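Heads up, the thing below is written out as structure tokens.
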There are 2 protein chains.
Amino acid sequence: MPLTEVQPVKTRTFSEEVAERLREAIRNGSLGAGSRLVEQEVAEQLGVSRVPVREAIQMLVEEGMVRKAPHRGAYVYLPTAYEIEEISSLRVVLECFVVERVIQNWNRAHEERLRSIVAAMRAGMQGGDPQRIYEQDYAFHYALWEIAHHSLLLEVVSGLRSRLSRFLYEANSALSQEGASRHVDSHDEFIDVLKSGDVATAQQEIAIHILSAKTRILTHCQLAPVQSPAPPPTGPVAAESVR
Amino acid sequence: MPLTEVQPVKTRTFSEEVAERLREAIRNGSLGAGSRLVEQEVAEQLGVSRVPVREAIQMLVEEGMVRKAPHRGAYVYLPTAYEIEEISSLRVVLECFVVERVIQNWNRAHEERLRSIVAAMRAGMQGGDPQRIYEQDYAFHYALWEIAHHSLLLEVVSGLRSRLSRFLYEANSALSQEGASRHVDSHDEFIDVLKSGDVATAQQEIAIHILSAKTRILTHCQLAPVQSPAPPPTGPVAAESVR
DNA sequence: CAATCGTATACAGTATACAAACAACCGACC
DNA sequence: GGTCGGTTGTTTGTATACTGTATACGATTG
């Protein structure tokens, strides 16, 4: 018996689960910038022991959302405007590389996949569902990364984007109706460019896409005022309500 | 009191210490590809408990030296030739970006710093010290990354290079006398190009540098034979002598 | 004899307990 | 009054014990 349609049981560890909760809490703002992540507190709130919490925090450190120093603990990190610039400039370089490879690998199936994502995005827009737009925007990029067929590139560039996720969500929510509409349309136009095989134009397009996202973040989101060389926030900022 | 030149006392945790030992063991081959890293065993051999070992292994996973699957443990990973290609192609893209920024920021002090590194490299070559050549080669790149003044770029590109470190050391050791000499000279010539401000040429040079390193690795080092979708090596490959 | 299931064993995942380190506070001494 | 030094509390770092899962091997049945 082949037993198709049967998915393997997802075996997520507590660590991953905790990391997901913390990511969510940071993204939606209930864990604001500077909040200290005290292992004991988080563990009690989520009903697990400190070990999974430690590992979860470590994951967030890798992802750039949290910083920590030995014996001094972890806290939610707020990037500076300069760091947003850094991330975006790297994204431009890497996404241009992605585009180059996508065009090399281009085929009909890829086009359909991308078109359907844009369709879902448009549906979300018409339904007034910013969350869905955000998700489909991510799906679009993720599809491009996969089409590029370069697993390491995917890892790096998706990691970069995840560093912006909490701001992108916020900034895109503030998009006007016409703005969102133009945003969605630009994706369809971008597919046309990919299809035409014009690498230079496609790279220019995606660079504009990334830089406009950066601009939206810089104008709509609160960021750290200056370069912050001081590691920990001195004040005991309460880390309330993780779930 | 400004107290420049004073570095904070580095308070290394056991985790970092263990990670360093494991890295070294992998680099010098005493932990060969496919060796399983059993937490209990490593902990006993190094005289610490399992917790620091877990964290150390996690670090190596981030660095790409080790893979792990839930409930199945960790093992030393041997990249495929394709993955070496992936790493190198990304390095080309990123180092070209580095070069662009280095030229933008170029000044006299930077030139002197790079020249002195090449001088040390040449000394190591004449002294027949391949270890030193390797170190100075790293120092050269690290200096470039710093001059680019882009901390995230530094993080990403240095991480990429660390994935190659164990192979670069091996491949560069096999360099002939004249080969090493040409290698060193090429660094001085590269500084000249940077000084001239010719971005395109500098990018071409560094691309050649990276791709020749790749070729050396592919020809001199043993790599995984095929794409390895099978995560763990089934056989209980003994993990002998970590220290 | 083959295929499948049960059972044992090994090891990662998790919980709890203890020790060490940092930071803040407070008192003493210049 | 300010600085130095001890003292205490909080929090991380580490050790140990326990639980759950995966794999292998042997038992059982057709």
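Reminder, nothing fancy here: chain letters follow the sequence lines and each chain counts from 1. Note that the structure is predicted; figures quoted are calculated from it, not measured.
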Any side-chain donor near an acceptor of the partner, [X] and [Y], under 3.5 Å:
{"X": "A:S88", "Y": "A:E85", "value": "no"}
{"X": "A:E155", "Y": "A:W145", "value": "no"}
{"X": "A:E135", "Y": "A:Q131", "value": "yes"}

Please report the distance, rounded to the nearest Å, between [atom1] in [X] and [atom2] in [N].
{"X": "A:F14", "N": "C:dG13", "atom1": "CZ", "atom2": "P", "result": "12 Å"}
{"X": "A:R36", "N": "C:dC22", "atom1": "CZ", "atom2": "P", "result": "14 Å"}
{"X": "A:Y75", "N": "D:dT12", "atom1": "OH", "atom2": "C1'", "result": "16 Å"}
{"X": "A:L46", "N": "C:dA15", "atom1": "CG", "atom2": "P", "result": "11 Å"}
{"X": "A:Q40", "N": "C:dA17", "atom1": "CD", "atom2": "P", "result": "11 Å"}
{"X": "A:R12", "N": "C:dA12", "atom1": "CZ", "atom2": "C1'", "result": "18 Å"}
{"X": "A:E44", "N": "D:dT11", "atom1": "CD", "atom2": "C1'", "result": "13 Å"}
{"X": "B:K68", "N": "C:dG13", "atom1": "NZ", "atom2": "C1'", "result": "9 Å"}

Original post:
Can we say A:E170 and A:R166 salt-bridge, meaning some charged N sits less than 4.0 Å from an Asp/Glu carboxylate O?
Top reply: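 Answer for the salt bridge query: no.
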Original post:
Between B:H110 and B:H149, does the ring centroid distance fall short of 6.0 Å?
Top reply: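 No.
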Among the candidates [options], find the nucleotide nearest to the side-chain atoms of [X].
{"X": "A:T13", "options": "C:dA12, C:dA21, C:dT14", "value": "C:dT14"}
{"X": "B:E39", "options": "D:dA15, C:dT14, C:dG13", "value": "C:dG13"}
{"X": "B:S49", "options": "D:dT11, C:dT14, D:dT14", "value": "D:dT14"}

Subject >> Cation over ring face, B:R36 and B:Y75, 6.0 Å, 45° >> reply: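 No; the conditions do not both hold, so B:R36 does not lie above the ring face of B:Y75.
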**OP:** Could you identify which residues of residues 50-62 of chain A place a heavy atom less than 4.0 Å from some atom of DNA chain D, listed by residue number, or say none?
**Re:**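 Output list: A:R50, A:R54.
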Subject >> Pairing residues for B:Q40 by the side-chain hydrogen bond (donor to acceptor under 3.5 Å, both in side chains) criterion, not counting sequence neighbours >> reply: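 By the side-chain hydrogen bond (donor to acceptor under 3.5 Å, both in side chains) rule, B:Q40 matches B:E44.
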